[in-house]
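Every number for a ligand or one of its atoms is a count from 1 in the order of the listing.
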Amino acid sequence: MSLVTRFAPSPTGRLHVGNIRTALVCWLAARAEGGRFLLRLDDTDQARSSEAHVKAIRADLAWLGLHPDGEVRQSARAALYEAAFDRLRAAGRVYPAYESEQELALKRKVALGRGLPPLYDRAALRLSAADHARFAAEGVAPHWRFRLDPAPIAWDDLVRGPQRFDGAALSDPVVRRADGSWLYLLPSVIDDGEMGITHVVRGEDHVSNTAIQLQMFEALGLALPRFAHMALLTGADGKLSKRKDAVGIAALREAGIEPQTLLALLARLGTSEPVVPVARIADLVPGFAFGQLGRAPARFDPAELAQLNAKTLHLLPYEMVAARLPADMDAAGWAAIRPNVERIEDAAGWWAIVTAGPAPVSLDPVDRAFCAQAADLAAAIGWDEAPWAALTAALKTATGRKGRSLFLPLRLALTGRDHGPDMAALLPLIGREASIARLRAAGMTDGAAAPI
Ligand code: GLU
């Protein structure tokens with residue numbers, strides 16, 4: 001039986017690093033086993049879900065390269081839930097209850113006051129047919145609870161190891177509201193069963209839901225999936241804050257973070273494996289195992305992304321970035337400039353320097369003379385092969401300069417900057433005529449005339 005995972009976001013907001021990590025682990029597990037990765041949109045909460053967020057989630061997954069092998073939407077599956085609900089009702093596993101929020105709050109208060117856990121007291125199970133008829137006559141519709149079996153519940157979690165709960169210590173959860181709408185717990189189980197999900201991967205905030213949902217799987221006669229509850233992410237200093245930390249996918253994209261960068265970091269967070277930049281996210285798949293995921297909270301530091309982004313870009317071949325580079329920038333241009341970019345946008349700045357030249361540079365008189373001499377020599381050397389080596393060798397012989405005093409005035413004259421891509425790679429791109437002109441201009445001017 002092949003492995004099937006699902007990523008089940010509620011379309012009530014954009015994706016952020018926490019749920020992207022869940023999606024990634026679902027995707028990695030499926031790809032590592034030749035299985036399937038499905039998207040399930042948990043949009044039963046009509047008031048909070050929006051079509052714009054559905055579209056944004058699809059677009060964000062596409063941008064990340066986490067392409068689902070299929071998609072379902074909970075809002076389109078009411079008939080399925082209704083049929084399962086009818087079966088549970090016939091079996092006495094769901095029951096109607098009428099308490100208002102205020103009554104329930106009071107019951108909880110009383111229980112806590114007596115030093116008891118605030119469990120629902122199942123008063124609704126003791127209602128008579130006449131009581132139900134009276135509520136119906138008064139127009140009070142019931143909400144519905146799932147009746148838990150007061151038995152031990154256990155599973156072997158793929159991340160957390162053996163887990164134990166006592167069914168008697170849990171409150172019968174409300175699964176359906178009085179207006180007929182569904183809460184999360186039951187539709188999720190029905191879907192996981194119907195979609196053939198073999199591995200439920202989600203955050204550890206769902207651990208106690210799993211205890212309840214396992215009984216729902218059993219009550220519906222559905223095969224039990226395996227569960228992997230991932231430790232939560234924390235921020236650089238404590239809890240991850242959506243407000244303070246740049247954790248939303250939109251903010252990360254705008255900051256120029258590549259999808260490979262984000263996924264390479266998230267794939268290794270909370271594991272003992274080293275973070276390594278990758279050109280393609282498929283490179284993250286070999287060796288994936290749930291066992292690598294630790295139980296301790298994983299620390300997400302956005303500062304790590306910037307460095308990793310540069311390393312990622314330095315791996316990317318021209319074909320993968322061409323569409324996002326200046327139109328006239330060719331493979332040689334990318335090869336020369338790539339080592340100096342931290343964000344893909346940086347390439348345009350360097351390319352403008354190559355093609356249009358720097359702003360006027362002003363050098364001291366000694367360096368001006370040196371650049372004038374460099375212009376003459378640049379006109380004399382052969383340009384077919386390694387012109388930078390030829391030019392600097394000729395200048396070294398002619399002037400005795402070496403090291404910084406040899407290279408820096410040339411770099412300034414040719415690029416306007418004191419650091420940047422390898423000049424040996426840049427010079428052929430700037431070309432003979434423009435190089436001579438720039439050196440000549442730097443040799444003549446203290447900044448008054450613009451080089452060509
Ligand atoms: N929509 C739920 C959530 O976002 C899904 C939980 C699950 O994976 O079962 O928390």
* Side chains of His53 and Thr12: donor-acceptor distance under 3.5 Å anywhere? -> no
* Write out the residue and atom name of the closest protein heavy atom to atom 10 (O) of ligand 1, then the distance separating them to 0.1 Å. => His206 NE2, 2.9 Å
* **Carboxylate-amine/guanidinium proximity below 4.0 Å for Glu204 and Arg160** => yes
* To do: Grab the two heavy atoms, one from His314 and one from Asn340, that are nearest each other, plus how far apart they are.
  => NE2-N, 4.4 Å
* Structure fact -> the protein heavy atom lying closest to atom 9 (O) of ligand 1 turns out to be Tyr184 OH, 2.5 Å
* Pro96 to Pro142 - nearest heavy-atom pair and separation -> CB-CB, 3.5 Å
* Asked: Are the side chain of Arg404 and the backbone N or O of Leu408 linked by a donor-acceptor pair below 3.5 Å?
  -> no
* **Per-atom contacts of ligand 1 with Ser188, taking only distances under 4.0 Å to non-hydrogen atoms** => 9 (O)
* Asked: Have Ser181 and Arg177 got a donor and an acceptor in their side chains that come within less than 3.5 Å?
  -> yes
* Subset of ligand 1 atoms that lie under 4.0 Å from at least one heavy atom of Arg202 -> 7 (C), 8 (O), 9 (O)
* To do: Give the residue and atom name of whichever protein heavy atom lies nearest to atom 1 (N) of ligand 1, and the separation in Å to one decimal.
  => Asp42 OD2, 2.6 Å
* How far is atom 4 (O) of ligand 1 from its nearest protein heavy atom, and which residue and atom is that? -> Ala8 O, 3.5 Å
* Asked: Among Arg6, Arg40, Gln74, Gln213, which residue places a heavy atom closest to atom 8 (O) of ligand 1?
  -> Arg6
